[in-house]
Visitor: 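Can you read through this structure? Questions will come right after.
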Amino acid sequence: MPIRPPAAPDQPNPSRRQWLGHGAGLCLALSLCPAAAVSEVPSLQAMVNQWAGGRPVQAGRITLQVPELVEKNGNAVPLSVRVPEPGPGLHVQEIVVYNERNPQREVLRCSFGPLCPRAEAATRIRLATSQRLVALARLSDGSQWQHAVEVVVTLAACVES
Amino acid sequence: MTADQPTTRPTLPHPVRALVALPAVPPRDTPFEVRTTLGHPMENGLRHDGHGNVVPRMLVTRFEARLDGALVFAADLYPAISANPYLSFWLQVAGPATLTLDWTGDWGFAHRETRQLQPT
């Protein structure tokens with residue numbers, strides 16, 4: 001059986017150290033991202049900017065009610081959003097809730113028809129970790145309003161090993 | 001980011017049931033709250049079973065409440081909504097009406113609840 005000669009000196013022979021470095025970097029990058037995700041999940045601010053469409057978002061009008069400390073169960077955190085007084089002659093077009101650190105940014109989007117007496121909705125959500133939640137409302141005159149709450153979570157949801 | 005859906009359709013663990021709580025005799029021309037809970041696992045596609053396989057994503061993605069066909073309240077639900085999704089909203093009626101609640105989601109999921117409202 002012929003002995004395979006070593007690589008010729010004029011051919012670049014990548015050193016083992018270089019390959020280990022590249023491999024470790026690749027593994028680190030993959031481990032930071034969930035296995036199913038190839039594209040990056042946008043940041044909370046990017047989602048808010050995208051929803052706002054370049055128009056200003058003011059604080060107020062909308063109330064996001066969520067416990068600031070979640071001790072018992074991050075899998076079922078009660079959340080409610082309401083716009084009690086949109087203003088004279090105005091109604092709420094849509095309310096959107098975004099999060100900061102779950103695998104996906106969107107939490108809820110709701111819209112209210114003309115027969116709906118109150119722009120108010122409640123649900124239960126999952127929180128992966130302590131993070132910021134933002135509720136955004138767009139009124140029929142195009143004005144945009146927000147309310148953000150920081151939530152501390154001691155028992156996480158979403159990702160189970 | 002959503003997990004790829006496998007070719008095998010997952011089955012819901014039990015017949016789908018919904019709880020709808022609203023006043024038996026709603027007040028006329030006064031807002032009243034409707035509270036709904038749907039029995040659905042809301043799998044977000046990130047969990048793993050005991051064998052290391054990903055449990056496929058199976059979500060309810062849309063809820064619509066209609067009074068006599070007119071859309072009153074609609075919500076888009078995302079993986080952040082808890083399992084057995086709870087939703088509450090407000091209605092106001094001036095006379096007898098039919099309330100229709102529709103949930104739709106992945107894998108062709110669709111569930112409807114109908115209630116006849118007889119206000120005072």
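Just so it is clear, the values below take in all heavy atoms, side chains as well, and ignore hydrogens, waters and symmetry mates. Note on naming: letters A, B, ... go to the chains in the order of the sequence lines (proteins, then strands), and numbering restarts at 1 for each one.
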Visitor: Would A/V96 end up clustered with A/I125 when hydrophobic side chains under 4.5 Å apart are linked, directly or stepwise?
Guide: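 Not linked; separate clusters.
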Visitor: Which pair of heavy atoms, one from B/Q92 and one from A/P117, lies closest together, and at what distance?
Guide: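 In this case the closest contact between B/Q92 and A/P117 is OE1-CB, 3.4 Å.
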Visitor: If you measure from OG on A/S111 to CG on B/L71, what distance do you get to the nearest 0.5 Å?
Guide: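 One gets 6.0 Å once the value is rounded to the nearest 0.5 Å.
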Visitor: Identify whether A/V92 and A/V134 are in the same connected component of the hydrophobic contact network (ILVMFWY, side-chain heavy atoms under 4.5 Å).
Guide: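 A/V92 does not cluster with A/V134.
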Visitor: Can A/V81 be reached from A/L139 by stepping across I, L, V, M, F, W or Y side chains whose heavy atoms are under 4.5 Å apart?
Guide: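 Both belong to a single hydrophobic cluster.
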Visitor: Highest number of heavy-atom pairs under 4.5 Å with chain B: which of A/C116, A/A122, A/S80, A/G113?
Guide: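 Top count of heavy-atom pairs under 4.5 Å with chain B: A/A122.
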Visitor: Given 3.5 Å as the limit, does a donor-acceptor pair link the side chain of B/S82 with the main chain of A/N75, or not?
Guide: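 Yes.
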Visitor: State, to 0.1 Å, how close A/T123 and B/Y86 come at their nearest heavy-atom pair, and which atoms those are.
Guide: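 Heavy atoms of A/T123 and B/Y86 come nearest at OG1-O, 2.7 Å.
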Visitor: If you count heavy-atom pairs under 4.5 Å between each of B/V93, B/T37, B/L91, B/L67 and chain A, which one has the most?
Guide: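 Ranked by contacts with chain A, first place is B/L91.
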Visitor: Among A/L108, A/N99, A/V97, A/L115, which has the most heavy-atom pairs under 4.5 Å with chain B?
Guide: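 When all of A/L108, A/N99, A/V97, A/L115 are compared, A/L108 has the most.
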Visitor: Around atom CZ of B/R35, are there more than 12 heavy atoms from other residues, nucleotides or ligands closer than 6.0 Å?
Guide: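 Count not over threshold, so no.
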Visitor: Would you kindly confirm whether B/L77 and B/W107 end up in one hydrophobic cluster when ILVMFWY residues are joined by side chain heavy atoms under 4.5 Å apart?
Guide: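 Yes; B/W107 is reachable from B/L77 via cluster members.
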Visitor: Applying the 4.5 Å side-chain criterion to the ILVMFWY set and letting contacts propagate, would A/V48 and A/V151 be lumped into a single cluster?
Guide: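 Looking at the clustering, A/V151 is in a separate group from A/V48.
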Visitor: Any donor and acceptor pair, going by atom type alone, linking the side chain of A/R118 with main-chain N or O of B/P31 inside 3.5 Å?
Guide: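 No, because the side chain of A/R118 does not come within donor-acceptor range (under 3.5 Å) of the backbone of B/P31.
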Visitor: Which atoms of B/I81 come close to chain A, meaning under 4.5 Å heavy atom to heavy atom: side chain ones, backbone ones, both, or neither?
Guide: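 Looking at B/I81, backbone and side chain both touch chain A.
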Visitor: Which of residues 50-61 of chain A have a heavy atom under 4.5 Å from any heavy atom of chain B?
Guide: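 Hits under 4.5 Å: none found.
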Visitor: If you measure from CH2 on B/W90 to CZ on A/F112, what distance do you get to the nearest 0.5 Å?
Guide: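 Going from the CH2 atom of B/W90 to the CZ atom of A/F112 covers 12.5 Å.
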Visitor: Looking only at non-hydrogen atoms, find the nearest pair between A/N102 and B/A80 and report the distance.
Guide: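 In terms of heavy atoms, the two residues are closest at ND2-CB, 3.7 Å.
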Visitor: For B/N44 and A/R126, what are the C-alpha separation, side-chain angles and deciding distance, and is it a side-chain contact (heavy atoms from CB on, under 4.5 Å)?
Guide: CA-CA 10 Å; B/N44 58 10; A/R126 296 165 169 147; 4.3 Å; yes
Visitor: Do any of residues 112-120 of chain B have a heavy atom less than 4.5 Å from a heavy atom of chain A, and if so, which, in residue order?
Guide: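 None at all.
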Visitor: Is the backbone N or O of A/A121 less than 3.5 Å from a side-chain atom of B/S88, with the two atoms forming a donor-acceptor pair by type?
Guide: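 Not confirmed, B/S88 side chain does not pair with A/A121 backbone.
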Visitor: Minimum heavy-atom separation for A/R124 and B/N84, please, with both atom names.
Guide: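 So the minimum-distance heavy-atom pair works out to NH2-O, 3.3 Å.
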Visitor: Go through the atoms of B/A83 and report whether side chain, backbone, both or neither lie under 4.5 Å from a heavy atom of chain A.
Guide: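 Backbone plus side chain of B/A83, per the 4.5 Å heavy-atom cut-off to chain A.
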Visitor: Checking heavy atoms, do the side chain of B/T36, its backbone, both or neither come under 4.5 Å from chain A?
Guide: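 Neither part; nothing is under 4.5 Å.
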Visitor: Check the pair B/Y78 / A/R109 against side-chain contact (heavy atoms from CB on, under 4.5 Å), numbers first and verdict last.
Guide: CA-CA 9 Å; B/Y78 294 90; A/R109 179 188 303 265; 3.6 Å; yes
